[in-house]
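Quick notes on the structure that follows.
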Protein chains: 2
Amino acid sequence: MRNQPQVASDAGLSKQRVVAEAIRLADREGVDGLSMRRLAGELGAGAMSLYHYVANKDELLDAMIDVVFEEIELPPEDTDWQSAMRQRAVSARQVLARHPWALGLMESRTSPGPANIRHHEAVLACLRRAGFPILMATHAYWVLDSYVYGFALQEAGLPFDTAEELAAMAEDVFLPQLPPEEFPYLNESAGALVAAGQGPPEEFIFGLDLVLDALGRLRPSA
Amino acid sequence: MRNQPQVASDAGLSKQRVVAEAIRLADREGVDGLSMRRLAGELGAGAMSLYHYVANKDELLDAMIDVVFEEIELPPEDTDWQSAMRQRAVSARQVLARHPWALGLMESRTSPGPANIRHHEAVLACLRRAGFPILMATHAYWVLDSYVYGFALQEAGLPFDTAEELAAMAEDVFLPQLPPEEFPYLNESAGALVAAGQGPPEEFIFGLDLVLDALGRLRPSA
DNA sequence: ACCGGTTTCGTACGCCGTACGAACGAGCGA
DNA sequence: TCGCTCGTTCGTACGGCGTACGAAACCGGT
């Protein structure tokens, strides 16, 4: 029962290589396209070989999620708390947009991996050092993470990624499907978004700063 | 190609009955336990009979999600906007906590159902009538929904539902797994939550009011 | 040359979604 | 009453899934 080798060479499997290839496959084909046989094929191995590195598919999925968490930048320690939180949130949104399947997996799997825990700890540390009392720091964490995850979840459901694509889709898909007399406000809103050239990144920053601002107002002693 | 009967009687299938039973099954066993054969068995029918009411499993999942959206209360029209938004958000959290599988499904399926669209329209209408300019109402919608979905997603990942369960789990599971010297802030935070008797509902309201408050500050002309 | 452990994987079982087409049954014109 | 039509039910089968099981291949140490 030795540990797995911690570096992945070109030939030879390892837990890291299996998980990394699984992530690549899920990014490319969606999580439904990720099967043990397919993944093994991608690695040039037989399906059952994978089970030497992961106990079962669930453990593989857990490991994939934790690698995703590793990709999210920790809050930097050399700036004010608002900049640190903003930077971490922006990084989280980027990572989750890159691996949209990760969000769908978070429901269902309950036990957080080590990277997830390390992240939690670092964020709480940043807030506490900034002067938030214990309970308030916990509240702040919940609010921020809820916003980030929820935004990423909504973004994953969008059929477009940029403001330009939004404009194109609005013309072709939304308006024909949403009669203005029945849904006046939706039409109005879609039009305004198109006119303003707002895409998901700008929208994200708006809400993020709103929340950070509100949290700043709760911080004692300014 | 007549329409399906719109009422479900005890005997006889219908799209409504199929979807309703599918939801009950997913609530009970999780979305992984929902298979066409199983669902058909639950309805006392053969597996292939279901395909007269849904084109395939994906369409079934879409229909399930839209029924979930129907369960969420629309913002009432006879109060101020903040109360209306709070009421709708609380309802959404309750519904999503009742059907946690729905969140995991939202990623992957992109086209919103009619109930989802109606909901969107009603919320935008409420915000616009409260005096928010178009773009600001759209921003507000994104922030609120991101918070609600994200909170529900995090809540779905928790292995406990109430403050009491949290206290019990903290003692038995978290603390042994999180050495205080390595994760001082997590331990501190868990302890504070237990001491304060905070459960998910209270936590949700805190962030919700924080966001509603911040949005109120952005509303023109007070 | 042999051995014990590590790593690979061929085969098989019981699930899954669903294509195909046959069986069924109620309503209806003759 | 017969036979026809057409909406509905479902038996069978196919390819793919996760993975239990055990055999084979490989490898460092003697």
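Lettering of chains follows the sequences in order, A, B, ..., and the numbering in each one begins at 1.
Residues that satisfy the side chain to side chain donor-acceptor pair (under 3.5 Å) test with B:His139, not counting sequence neighbours, are A:Glu203. Listed by chain and residue number, nothing satisfies the side chain to side chain donor-acceptor pair (under 3.5 Å) test with B:Tyr185 (two or more places apart in sequence, or in another chain). For the ring-ring contact (aromatic ring centres under 6.0 Å, His included) test, residues two or more places apart in sequence or in another chain that qualify with B:Tyr141 are B:His120. When the side-chain contact (heavy atoms from CB on, under 4.5 Å) test is applied to A:Ala115, the partners found at least two apart in sequence or on another chain are A:Asp66, A:Phe69, A:Glu70, A:Arg118. By the side-chain contact (heavy atoms from CB on, under 4.5 Å) test, A:Ala152 is found to be paired with A:Leu96, A:Leu103, residues two or more places apart in sequence or in another chain being considered. Applying the salt bridge (charged side-chain N to carboxylate O under 4.0 Å, His left out) rule to A:Asp32 yields no partners; only residues at least two apart in sequence or on another chain are considered. A:Arg109 meets the side-chain contact (heavy atoms from CB on, under 4.5 Å) test with A:Asp58, A:Leu61, A:Asp62, A:Ile65, A:Leu105; sequence neighbours excluded. Partners of B:Glu42 under the side-chain contact (heavy atoms from CB on, under 4.5 Å) rule, at least two apart in sequence or in another chain, are B:Glu21, B:Leu25, B:Arg28, B:Arg38.
With axes fitted over five pairs at each extremity, the angle between the ends of the helix from C:dA1-D:dT30 to C:dA30-D:dT1 is 30° (10° resolution).
As a whole-Å value, the separation of A:Leu13 CG from C:dT6 P is 17 Å. In this entry the distance linking OH of A:Tyr51 with P of C:dC9 reads 15 Å, nearest Å. Distance CZ (B:Arg17) to P (D:dT8): 15 Å, rounded to an integer number of Å. The NE2-C1' distance, from B:His52 to C:dT18, rounds to 14 Å in whole Å.
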Give me the distances for all protein-to-nucleotides 23-26 of chain D N/O pairs that come in under 3.5 Å?
none

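Pairs of residues two or more places apart, or lying in two chains, that qualify as salt bridge (Lys or Arg N to Asp or Glu O under 4.0 Å) and include a residue from residues 165-193 of chain B are A:Arg128-B:Glu188.
Counting heavy atoms from C-beta outward, B:Leu60 and B:Leu39 have side chains that approach closer than 4.5 Å.
Residue A:Tyr147 is tested with A:Leu212, A:Leu208, A:Leu210 for a side-chain contact (heavy atoms from CB on, under 4.5 Å); the sole match is A:Leu208.
At D:dT9, one or more side-chain N or O atoms of B:Tyr53 fall inside 4.0 Å of OP1 or OP2 (strictly under the cut-off).
Of the residues in residues 25-50 of chain B, those placing a heavy atom less than 4.0 Å from an atom of DNA chain D are B:Arg37, B:Ala45, B:Gly46, B:Met48, B:Ser49, in numerical order.
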